[in-house]
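Shown next, in structure tokens, is the structure this report addresses.
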Amino acid sequence: MNRSTYIVVGVVVVLFLISWILKAVSLSGEDDGYILRGFLITMSAFLTLAIFSFLYRDNPFYKFAEHLFVGVSAAFWMTQGFWSTIVGNLIPRLSAGLSGFFMVPHQPSPWNISYWIPVILGILLLMRLSAKYGWLSRWPLALIVGTTAGLNFVRYLRSDFIVQVSSTFVPLLGREPHQWQGAGAFVSQLDLSATGQLAALLTNWVIFVGVFCGIVYFFFSKEHTGVFGRASRVGIWVLMITFGASFGYTVMGRISLLVGRVTFLFRDWLELIS
Amino acid sequence: MSFHRGRTSSLASGLTARLAIFIIVIAFLVTPTSWSQADGPDPVLAGSDSALASLAPITSLVAEDNTYDNGNALRLIWVPSIDDRLIDSKIIGYRVYRLAGAGEPRAIAELPPGSNQYLDETVLRDSVYSYYISTLSERAEFPSNRTAAISPQREWINLDRGYLFLIALAIAGAVIYYVTVAKRGKKLFVRKIAGLEAIDDAVGRATEMGRPVLFIPGIHDMDDVQTLAALTILGRVSRTIADYESKIFMPVARSLVMTAGREVIKSSYQAAGRPDAYSDDMVNYITDEQFGYVAAVDGIMVREKPATVFLLGAFFAESLILAETGNSVGAIQIAGTARPAQLPFFIAACDFTLIGEELFAASAYLSGEPRQLGSLKGQDVGKVIAMVVMTVGVIALTFAEAWKIEFMQDILDRLSIIFSTN
């Protein structure tokens with residue numbers, strides 16, 4: 001780091017201290033732990049700004065926030081995994097002595113192999129740390145991958161195949177309350193409203209044609225040429241229009257997240273808005 | 001006088017005795033049938049006018065094992081009380097009693113009037129139970145016969161999903177057939193997938209620029225098929241990288257993915273004849289925390305400036321952040337996910353995007369292995385089945401709704417049964 005970096009860091013540290021003091025003073029009348037709370041709010045605000053600073057370019061403040069976030073979260077998830085899974089679920093069922101050591105209530109139960117299988121697989125996974133027995137770590141991995149594939153086969157067959165097919169059974173000429181009564185009646189009683197028969201028919205046609213052509217696009221055994229190619233092109237158009245709508249919808253959601261963060265800065269930290 | 005009094009007393013006592021017998025006989029005749037049943041519990045009455053509010057109990061109570069479960073449910077079926085059909089019925093509901101073995105009856109549920117079945121899901125497999133059901137009025141309850149003893153059983157096969165099994169069998173059969181055909185040496189055609197065609201060019205670009213390739217396998221664990229597909233593609237990518245003597249870096253958010261990723265890259269380097277060039281540092285665990293991982297990967301992108309970024313796997317809110325950062329550092333980006341909500345971001349910010357199933361088809365396309373190609377062709381058979389069934393179903397429904405053609409309704413009903421979601 002050069003001299004100017006030290007100066008900028010020093011200025012930010014001073015600003016942080018001033019902000020902390022001012023925030024603590026403003027909270028002193030309403031909160032007993034106002035010093036700690038003032039520190040936490042100021043820290044949250046500075047870390048938020050540090051992350052936002054990435055929009056300009058990579059810089060030491062972003063690096064600090066990034067490394068703090070990664071370090072804290074990695075430690076948190078490891079601790080969480082150890083205490084909730086191993087100490088919380090496994091040890092109370094395996095050993096009274098270990099339960100006492102970790103100060104969790106022992107749950108005496110008859111010897112059950114289903115508790116020992118994950119212990120053995122976990123130990124096998126840790127064999128990766130050994131150069132000589134590292135190959136043993138492939139066994140639990142193979143079990144996880146194989147089990148996942150097997151279980152997901154049935155799940156996806158139902159959700160992505162059966163449900164999709166049955167949901168596409170739509171009447172192309174309408175149903176109650178828009179019962180088809182012939183082309184003449186349809187034209188003479190044409191209703192262009194969103195709840196009318198025309199809208200209902202268009203919806204059903206879009207569903208059927210869209211799904212059909214979408215499947216054609218994902219058909220890999222035939223070159224997409226001729227009629228097949230045109231159907232495939234309709235399919236990709238349907239997909240792109242859907243993605244466009246989804247994009248706009250999700251961006252709106254992200255903007256609401258930004259609004260939430262800016263609200264925190266201006267209300268909780270700076271107290272400029274109420 | 002005393003004689004007269006005594007005679008009167010004798011007459012009175014005779015009349016009382018006859019009256020008592022008469023009342024007993026009448027009471028016996030008007031008493032509900034169930035009260036006289038030997039194996040049923042006694043009625044529970046409250047209040048002096050209970051006889052006036054007497055109700056017929058339920059009949060034909062049967063307890064049977066609930067089929068296709070783990071032996072943890074029994075089903076009760078009965079015919080509701082005759083009095084339940086009256087408009088001004090006095091019945092306020094039914095109370096289900098259960099006897100475990102030779103134990104005391106215990107009320108386990110209260111049901112509204114009109115109920116005719118109940119599923120008891122609080123039983124234990126292989127324990128013995130019997131039941132009776134009381135018809136409830138405001139002041140009394142009128143029990144039914146007790147069922148025969150029954151114990152819940154576990155079934156190993158769920159025949160309710162028979163059609164699902166047949167559909168799976170058809171698709172699996174097609175996969176096996178095509179795998180066999182491919183193994184015999186017949187060349188199976190798979191159309192070009194644009195994003196995959198670009199892999200070699202993208203890795204070559206990284207080599208020429210002397211920058212690394214960044215491979216991001218999503219943020220899900222090994223129990224997600226998208227991660228598995230990403231690792232399959234990683235095998236091909238890392239093989240190309242090993243051939244080109246380029247560099248790869250793979251930050252991960254799950255420890256198991258780190259282990260699997262190292263295995264894949266190591267195998268690729270060995271297959272390329274360059275095991276010495278492999279290093280465990282190529283795959284690094286960052287954190288399980290979604291946005292912690294994103295912050296770290298963004299930092300890696302702007303500092304290492306990779307020439308090529310692969311974003312393949314399961315992505316969520318981080319997809320646009322990662323893709324935009326990769327775009328800002330000028331990397332050529334090849335993305336792919338099966339999550340519809342994230343695909344728009346990849347399409348907007350990446351050079352090539354594998355949409356949905358293209359991600360899964362990629363591994364077969366890249367490897368050219370008979371097993372994977374056969375699997376891909378078998379899945380195409382599934383798509384043909386879907387298109388045919390959809391077309392038939394839509395035509396049948398359209399004709400059945402518009403012109404009330406019974407034959408079409410029959411077809412639709414049959415298809416609906418086969419493609420039901422139960």
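Just so you know, these numbers come straight off a predicted model, no measurement behind them. Reckoned from all heavy atoms, side chains included, excluding hydrogens, waters and symmetry mates.
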Inset, instruction - Count the heavy atoms belonging to other residues, nucleotides or ligands that lie under 6.0 Å from CZ of B/R303, then report whether that count exceeds 12. - result: yes
Inset, instruction - Could you pull out the closest heavy-atom pair between A/F153 and B/A168, with the gap in Å? - result: CE2-CB, 3.7 Å
Legend entry - Derivation and outcome, side chain to side chain contact (heavy atoms under 4.5 Å, CB included), residues B/V394 and A/F212: CA-CA 11 Å; B/V394 166; A/F212 192 92; over 6 Å; no
Inset, instruction - Could you tell me the separation between the CH2 atom of A/W77 and the CD atom of B/E289, rounded to the nearest 0.5 Å? - result: 6.5 Å
Inset, instruction - Could you tell me which portion of A/F54 (side chain, backbone, both or neither) has an atom closer than 4.5 angstrom to a non-hydrogen atom of chain B? - result: side chain
Donor-acceptor pairs under 3.5 Å, side chain of residues 240-249 of chain A to any protein atom, not counting sequence neighbours: which ones?
unit_1	atom_1	unit_2	atom_2	d
A/T242	OG1	A/V238	O	2.7

Legend entry - Under 4.5 Å from a heavy atom of chain B, the part of A/S73 involved: both
Inset, instruction - Look at B/I385, B/T259, B/L343, B/L376 and state which one has the largest set of heavy-atom pairs under 4.5 Å with chain A. - result: B/T259
Legend entry - Part of B/I286 lying under 4.5 Å from any heavy atom of chain A: both
Inset, instruction - Determine the sole option in A/V216, A/V165, A/V211 for which the side chain to side chain contact (heavy atoms under 4.5 Å, CB included) test with B/M387 is passed. - result: A/V216
Inset, instruction - Give a yes or no on whether the backbone of B/F189 and the side-chain of A/E223 come within a donor-acceptor separation of less than 3.5 Å. - result: no
Inset, instruction - Give a yes or no on whether the backbone of A/F219 and the side-chain of B/D380 come within a donor-acceptor separation of less than 3.5 Å. - result: no
Inset, instruction - Report yes if the side chains of A/F69 and B/T287 come closer than 4.5 Å at any heavy-atom pair, otherwise no. - result: no
Inset, instruction - Let me see the working for A/Q164 and B/M390 under side chain to side chain contact (heavy atoms under 4.5 Å, CB included), right down to the final yes or no. - result: CA-CA 9 Å; A/Q164 185 69 60; B/M390 272 165 37; 5.7 Å; no
Legend entry - Side chain to side chain, B/F345 and A/T250, heavy atoms closer than 4.5 Å: yes
Legend entry - Part of A/L151 within contact of chain B (heavy atom distance under 4.5 Å): neither
Legend entry - Heavy-atom side-chain proximity of B/Q379 to A/F220 below 4.5 angstrom: no
Legend entry - Contact class of A/L141 relative to chain B, heavy atoms under 4.5 angstrom: side chain
Inset, instruction - Could you have a look at B/F399, B/W403, B/Y285, B/Y293 and say which one has the most heavy-atom pairs with chain A under 4.5 angstrom? - result: B/W403
Legend entry - A/R57 side, atom CZ; B/S328 side, atom OG - distance, nearest 0.5 Å: 13.0 Å
Inset, instruction - Please look at A/I236 and chain B and tell me whether the side chain, the backbone, both or neither of the residue comes under 4.5 angstrom of a heavy atom of that chain. - result: side chain
Inset, instruction - Against chain A, label B/L188 side chain, backbone, both or neither, depending on which of its atoms sit under 4.5 Å from a heavy atom there. - result: neither
Inset, instruction - Decide if atom CZ of A/F228 counts as having more than 12 heavy atoms of other residues, nucleotides or ligands within a radius under 6.0 Å. - result: yes
Inset, instruction - Below 4.5 Å from any heavy atom of chain A, which atoms of B/F165 appear? Answer side chain, backbone, both or neither. - result: neither
Inset, instruction - Find the distance between OG (A/S137) and CG (B/L256) and round it off to the nearest 0.5 Å. - result: 10.0 Å
Inset, instruction - Taking the side chain as every heavy atom from C-beta outward, state whether B/K404 and A/Q179 have any pair of such atoms under 4.5 Å apart. - result: yes
Inset, instruction - Decide yes or no for B/F419 and A/V163: does some side-chain heavy atom of the first lie under 4.5 Å from some side-chain heavy atom of the second? - result: no
Legend entry - Portion of A/W180 that has a non-hydrogen atom of chain B nearer than 4.5 angstrom: both
Legend entry - A/M78 CE to B/D288 CG distance, which is reported to the nearest 0.5 Å: 11.5 Å
Inset, instruction - Identify which part of B/D298 has an atom lying under 4.5 Å from any heavy atom of chain A, answering side chain, backbone, both or neither. - result: both
Inset, instruction - Might you confirm whether atom OH of B/Y177 has over 12 heavy atoms from other residues, nucleotides or ligands at distances under 6.0 Å? - result: no
Inset, instruction - Quick one: closest heavy-atom pair of B/I171 and A/L157, and the distance? - result: CD1-CD1, 3.8 Å
Legend entry - Spacing of B/M301 atom CE and A/D58 atom CG [to the nearest 0.5 Å]: 13.0 Å
Inset, instruction - Just give me the residue among B/I347, B/L373, B/L412 that pairs up with chain A most often, heavy atom to heavy atom, under 4.5 Å. - result: B/I347
Inset, instruction - Report yes if the side chains of A/V145 and B/M222 come closer than 4.5 Å at any heavy-atom pair, otherwise no. - result: yes
Inset, instruction - Identify whether the distance between the nearest side-chain nitrogen and carboxylate oxygen of A/R254 and B/E324 falls below 4.0 Å. - result: no
Legend entry - Top of A/N204, A/T148, A/V154, A/D160 for chain B proximity - count of heavy-atom pairs under 4.5 angstrom: A/T148
Legend entry - Heavy-atom contact with chain B under 4.5 Å, split by part of A/F161: side chain
Legend entry - Heavy-atom side-chain proximity of B/T391 to A/F208 below 4.5 angstrom: yes
Inset, instruction - Give the minimum heavy-atom separation between B/E401 and A/G174, together with the two atoms involved. - result: CB-O, 3.9 Å
Legend entry - Shortest non-hydrogen separation from A/I162 to B/S420 and the atoms involved: CG2-O, 3.4 Å
Legend entry - Cation-pi geometry met for B/R191 and A/Y217 (6.0 Å, 45°): yes
Legend entry - Proximity breakdown for A/K222 and chain B, heavy-atom pairs closer than 4.5 Å: backbone
Legend entry - Enclosure of B/K383 NZ (heavy-atom neighbours >12, cutoff 6.0 Å): yes
Legend entry - Residue pair A/I215 / B/A386: nearest heavy atoms and the distance that separates them: CD1-CB, 4.3 Å
Legend entry - chain A interface, residue from B/I355, B/V384, B/V392 that has the most non-hydrogen pairs under 4.5 Å: B/I355
Inset, instruction - With the side chain counted from C-beta on, respond yes when B/M258 and A/R128 share a heavy-atom pair under 4.5 Å apart, and no when they do not. - result: no
Legend entry - B/I157 atom CD1, neighbour heavy-atom count above 12 within 6.0 Å: no
Inset, instruction - With rounding to the nearest 0.5 Å, note down the distance linking CD1 in A/I144 to CG in B/D221. - result: 7.5 Å
Inset, instruction - For the pair B/T398 (side chain) and A/L172 (backbone), establish whether a donor and an acceptor sit closer than 3.5 Å, ignoring hydrogens and angles. - result: yes
Legend entry - B/A253 portion near chain A, given a 4.5 angstrom heavy-atom threshold: neither
